[in-house]
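First comes the structure, then the notes that go with it.
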Amino acid sequence: MKYKLNKKELVFISVAICLIAFLFPWLFIEKGNILSVLSTAFTALGAVATVFTLFIALSLYQKFGLESRFKEKQTNKVFELINHLKGRVLYLKTTKFEYFLRFKVDDIKRLEIEPFYNYMKGKTIIIKRSGFEKFTKNILALQSSYWLPPEIESKLKFLDIAGYLSNVENANDEQYARLDFGSPKDEEYVATFPNQFSVEEFIKNKNELIMEIEKWLSKHSEIKVNLKMDIGEIELKEN
């Protein structure tokens, strides 16, 4: 295992070498030749200091130069993901309510006092295949990118499904919430496999994804992005 010097050790070694370089010429001092030795000592000290400065500059360039380029590529991928999410509206429907779901952090405490959310939250989400696949195609391509930060990539897994169960016989059944990604009206609803979500679970996963994006950007980028959207609109439907 390679041993890395800490800051104090590096400073100590640097000062020690500079002192040795300065004091070494005094070992050869001759009577009446102090000015010559002093000049040699300062010359040696200057040479050592120059070499150390060059060494530190190269080390910093190798470390921070490569890190900077790596973070730049990661940041570009994060912004690509944001472009796919920002402004998108998903339509969550039940027999009584419709909720326009946006990719922002929903205030769960606020939702929990809303009758529509308490009615919806335990229901199983069903989707239309074509709209879901169109929505997730570019997002899942980013998920497989080497440059997407792993902490964000892990929060996308809820959208990565293996397949679909057979068509749902009665999509208007009370147990379901229909999540529409923009598919044709005559397309049948299906259940996802293996990830089957309740409304509560889907919103929780969506919130965690947005919070992780915001957290990563605040830590690694000076660019501020407003991911907040308008509060979801609620429609009470007549039975």
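Quantities reported herein were computed from a predicted structural model and do not represent experimental measurements. Numbers here simply count residues along the sequence, with the first being 1.
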Glu187 side chain to Arg129 backbone, donor-acceptor under 3.5 Å: yes

Side-chain donor or acceptor of Asn205 paired with backbone N/O of Lys155 under 3.5 Å: no

Check whether Tyr176 forms a cation-pi arrangement with Lys123 (NZ or CZ under 6.0 Å from the six-membered ring centre, at most 45° off the ring normal). no

Is any side-chain heavy atom of [Y] closer than 4.5 Å to one of [X]?
{"X": "Gln143", "Y": "Leu140", "answer": "yes"}
{"X": "Tyr164", "Y": "Phe132", "answer": "yes"}
{"X": "Lys128", "Y": "Arg178", "answer": "no"}

My understanding is that only one of Ile161, Ile125, Leu179 makes a side chain to side chain contact (heavy atoms under 4.5 Å, CB included) with Thr192; could you say which? Ile161

Going by side-chain contact (heavy atoms from CB on, under 4.5 Å), name the residues that satisfy it together with Ile139, two or more places apart in sequence or in a different chain. Leu81, His84, Leu85, Phe135, Leu156, Leu159

Determine whether Glu114 and Arg110 satisfy the following criterion, side chain to side chain contact (heavy atoms under 4.5 Å, CB included), listing intermediate values before the conclusion. CA-CA 7 Å; Glu114 297 286 352; Arg110 185 192 73 83; 3.4 Å; yes

How far apart are the closest heavy atoms of [X] and [Y], and which atoms are they?
{"X": "Pro184", "Y": "Ser130", "result": "CD-OG, 3.6 Å"}
{"X": "Tyr189", "Y": "Ala171", "result": "CD1-CB, 3.7 Å"}
{"X": "Leu111", "Y": "Tyr117", "result": "O-CB, 3.2 Å"}
{"X": "Leu165", "Y": "Gln196", "result": "CD1-NE2, 3.8 Å"}
{"X": "Lys104", "Y": "Lys206", "result": "O-NZ, 2.6 Å"}
{"X": "Glu188", "Y": "Val168", "result": "OE1-O, 4.4 Å"}

Would you sort out whether Leu90 and Asp180 count as a side chain to side chain contact (heavy atoms under 4.5 Å, CB included), showing the intermediate values? CA-CA 6 Å; Leu90 308 181; Asp180 191 353; over 6 Å; no

Under the side chain to side chain contact (heavy atoms under 4.5 Å, CB included) rule, what do Ile127 and Phe181 come out as? Steps first, then yes or no, please. CA-CA 8 Å; Ile127 62 171; Phe181 291 83; 3.8 Å; yes

Side-chain donor-acceptor pair present, Tyr119, Glu174, cut-off under 3.5 Å: yes

Ignoring hydrogens and geometry beyond distance, is a side-chain donor-acceptor pair present between Tyr99 and Asp106 at under 3.5 Å? yes

Would you call Glu208 and Lys204 a salt bridge, taking side-chain N to carboxylate O under 4.0 Å as the test? yes

